[in-house]
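Okay, structure first, notes after.
Here is the naming used below: chain letters follow the sequence lines, and residue numbers restart at 1 for every chain.
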There are 2 protein chains.
Amino acid sequence: MEDGLSVGEAAAKVGLTAYTLRWYEQVGLLEPIPRDSAGRRRYRLSDIERLDLLTKMRATGMPVRDMVRYITLVREGDATRAERLAMMERHRTAVLQQIDDLQRDLAVIDRKIDRYRGFEGVAGKKAGPRRP
Amino acid sequence: MEDGLSVGEAAAKVGLTAYTLRWYEQVGLLEPIPRDSAGRRRYRLSDIERLDLLTKMRATGMPVRDMVRYITLVREGDATRAERLAMMERHRTAVLQQIDDLQRDLAVIDRKIDRYRGFEGVAGKKAGPRRP
DNA sequence: GCTTGACCTAGAGCGCACTCGAGCTGGAAG
DNA sequence: CTTCCAGCTCGAGTGCGCTCTAGGTCAAGC
């Protein structure tokens, strides 16, 4: 039991694939992951924590490009805190917007469902125009 | 002023591009759009209405493949009402789940923002481990 | 009558975010 | 020892949902 998780374990833990984890590292979302004596990656807690945040950012629709930008800022140190905060605040707003849009669009779907249910079991509408 | 909208007008109205409208027709999301004397598409109200629904379905994350399936059912007539209803209900559930997930993930982003704000203007943390 | 601009078709191309194939290595279990 | 599995690298491939190019037609405005 060495310390840290293998790529497979880490992948399982954060809900991504091993492929994706290696790719995230390659594109600069993760720091180069330390290797064991055989050259295999060992993910530390800090790597997993970063991944936890990254997955939330992705899941809320942040493009990988922007996440890379964010991580670049992280690497640049404290001087970029304000910019990172701003990024996150902008993203937060975008997510709220997204939720709002979803709710609005869902209302349309709901009305459609109501209409389907309203006609359920009713005979009529033989040759009337079919509404999607 | 002929009746119906040109592809450009229809696109503008539903918030898609003319390219996309033609492509939607090609993949079977729209019925073949009637043409004017010069062979140009004229979108009727019913086409626009269908597009309005389709855009909501897309915007809530339904894959085009499923939308095509849905429209196929529409074309098959009343016999498929139940299946269409079921599709919509399943999709509705998926959207609710999506909103839920977004809210959960947003909470993580929010905590991150709080931490950034908590340290705002504070000097310390010279050489401490940088947290993303 | 000419130009302009929107439209037409068929098919190619693109951006994104992974995902996988091929060929190899190395530690662990029977 | 051999078999096996997980991991390694590099580069290519995939699926989705558009988006654009090329080469042409047509009708309206100057």
Side-chain angles (χ1 to χ4, degrees), chain A residues 1-44 47-48 51 53-71 91 94 98 105, chain B residues 1-44 47 51 53-71 91 94 98 101 105:
Chain A
M1 240 176 243
E2 319 199 32
D3 61 311
L5 303 180
S6 72
V7 65
E9 291 162 343
K13 187 143 202 164
V14 302
L16 297 172
T17 68
Y19 294 134
T20 304
L21 256 52
R22 292 192 205 102
W23 181 70
Y24 272 20
E25 184 179 343
Q26 199 179 305
V27 299
L29 285 176
L30 300 175
E31 305 313 314
I33 305 294
R35 309 304 181 97
D36 68 11
S37 56
R40 295 189 234 99
R41 289 171 179 79
R42 299 266 97 188
Y43 291 77
R44 294 152 300 177
D47 299 317
I48 300 297
L51 277 169
L53 178 60
L54 289 175
T55 55
K56 301 317 177 210
M57 291 160 80
R58 270 302 293 134
T60 48
M62 185 181 286
V64 168
R65 188 184 306 97
D66 293 5
M67 301 188 346
V68 171
R69 167 76 181 142
Y70 175 81
I71 292 297
H91 183 55
Q98 232 188 110
D105 295 346
Chain B
M1 244 178 240
E2 318 198 31
D3 61 313
L5 304 181
S6 72
V7 66
E9 291 162 343
K13 187 142 203 165
V14 302
L16 297 172
T17 68
Y19 295 135
T20 303
L21 257 52
R22 292 193 205 99
W23 181 72
Y24 272 21
E25 184 179 343
Q26 198 179 307
V27 300
L29 286 176
L30 299 175
E31 306 312 315
I33 304 294
R35 309 304 183 96
D36 68 11
S37 58
R40 294 188 238 101
R41 289 171 181 78
R42 299 266 97 188
Y43 291 77
R44 296 152 298 178
D47 299 317
L51 278 168
L53 178 61
L54 289 175
T55 54
K56 299 319 177 209
M57 290 160 81
R58 268 305 291 135
T60 49
M62 186 182 284
V64 169
R65 189 186 304 99
D66 295 4
M67 301 188 346
V68 171
R69 166 78 181 141
Y70 174 82
I71 291 298
H91 183 55
Q98 229 188 112
D101 291 349
D105 294 346

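- Of all heavy-atom pairs spanning Arg42(B) and Gly4(B), the tightest one is NH1-O, 3.5 Å.
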Show me the side-chain donor-acceptor pairs of residues 22-36 of chain A shorter than 3.5 Å, one per line, residues at least two apart or across chains.
{"residue": "Glu25(A)", "atom": "OE1", "partner": "Arg41(A)", "partner atom": "NE", "Å": "2.6"}
{"residue": "Glu25(A)", "atom": "OE2", "partner": "Ile33(A)", "partner atom": "N", "Å": "3.1"}
{"residue": "Glu31(A)", "atom": "OE1", "partner": "Arg75(A)", "partner atom": "NH1", "Å": "3.0"}
{"residue": "Glu31(A)", "atom": "OE2", "partner": "Arg50(A)", "partner atom": "NH1", "Å": "2.6"}
{"residue": "Glu31(A)", "atom": "OE2", "partner": "Arg50(A)", "partner atom": "NH2", "Å": "3.1"}
{"residue": "Glu31(A)", "atom": "OE2", "partner": "Arg75(A)", "partner atom": "NH1", "Å": "2.7"}
{"residue": "Arg35(A)", "atom": "NE", "partner": "Ile33(A)", "partner atom": "O", "Å": "3.2"}
{"residue": "Arg35(A)", "atom": "NH1", "partner": "Gly39(A)", "partner atom": "O", "Å": "2.9"}
{"residue": "Asp36(A)", "atom": "OD1", "partner": "Ala38(A)", "partner atom": "N", "Å": "2.8"}
{"residue": "Asp36(A)", "atom": "OD1", "partner": "Gly39(A)", "partner atom": "N", "Å": "3.0"}
{"residue": "Asp36(A)", "atom": "OD1", "partner": "Arg40(A)", "partner atom": "N", "Å": "2.9"}
{"residue": "Asp36(A)", "atom": "OD2", "partner": "Arg40(A)", "partner atom": "NH1", "Å": "2.8"}

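- Phosphate proximity of dC7(C) to Ser6(B): present, with a side-chain N or O under 4.0 Å from OP1 or OP2.
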Do any N or O atoms of the protein come closer than 3.5 Å to N or O atoms of nucleotides 12-15 of chain D, and which pairs are they?
none

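- Straight-line distance from the CG atom of Leu21(B) to the P atom of dG17(D): 16 Å, rounded to whole Å.
- The shortest distance between side-chain heavy atoms of Asp47(B) and Leu5(B) does not fall below 4.5 Å.
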Inset, instruction - Test Arg69(A) against Asp66(A) for salt bridge (charged side-chain N to carboxylate O under 4.0 Å, His left out), laying out the working first. - result: CA-CA 5 Å; Arg69(A) 167 76 181 142; Asp66(A) 293 5; over 6 Å; no
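- For Asp101(B), the side-chain hydrogen bond (donor to acceptor under 3.5 Å, both in side chains) partners two or more places apart in sequence, or in a different chain, are Gln97(B).
- In this structure, of dA17(C), dT9(C), dG7(D), it is dT9(C) that holds the atom nearest to the side chain of Arg41(B).
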Could you go through nucleotides 18-21 of chain D and list every protein N or O atom that sits under 3.5 Å from one of its N or O atoms, giving the distance for each pair?
{"residue": "dC18(D)", "atom": "OP2", "partner": "Tyr24(B)", "partner atom": "OH", "Å": "3.2"}
{"residue": "dC18(D)", "atom": "OP2", "partner": "Arg58(B)", "partner atom": "NE", "Å": "3.0"}

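- The salt bridge (Lys or Arg N to Asp or Glu O under 4.0 Å) analysis of residues 8-20 of chain B, with sequence neighbours excluded, yields no pairs.
- Closest approach of Ala18(B) to Ala11(B), counting heavy atoms only: N-CB, 3.5 Å.
- DNA chain C lies under 4.0 Å from at least one heavy atom of each of the following residues of residues 26-40 of chain B: Arg35(B), Gly39(B), Arg40(B).
- Rounded to an integer number of Å, the gap from CZ of Arg42(B) to P of dC7(C) is 8 Å.
- Among residues two or more places apart in sequence or in another chain, the salt bridge (Lys or Arg N to Asp or Glu O under 4.0 Å) test is passed with Asp105(A) by none.
- Considering only heavy atoms from C-beta on, Ile71(A) comes within 4.5 Å of Leu54(A) through its side chain.
- For residues 53-62 of chain A, the pairs satisfying side-chain hydrogen bond (donor to acceptor under 3.5 Å, both in side chains) are Thr60(A)-His91(A), with sequence neighbours left out.
- Residues Tyr43(A) and Val14(A) form no side-chain contact, since every pair of their non-hydrogen atoms from C-beta on lies 4.5 Å or further apart.
- Nucleotide dG11(C) holds its P atom 16 Å from the CZ atom of Arg22(B), rounded to whole Å.
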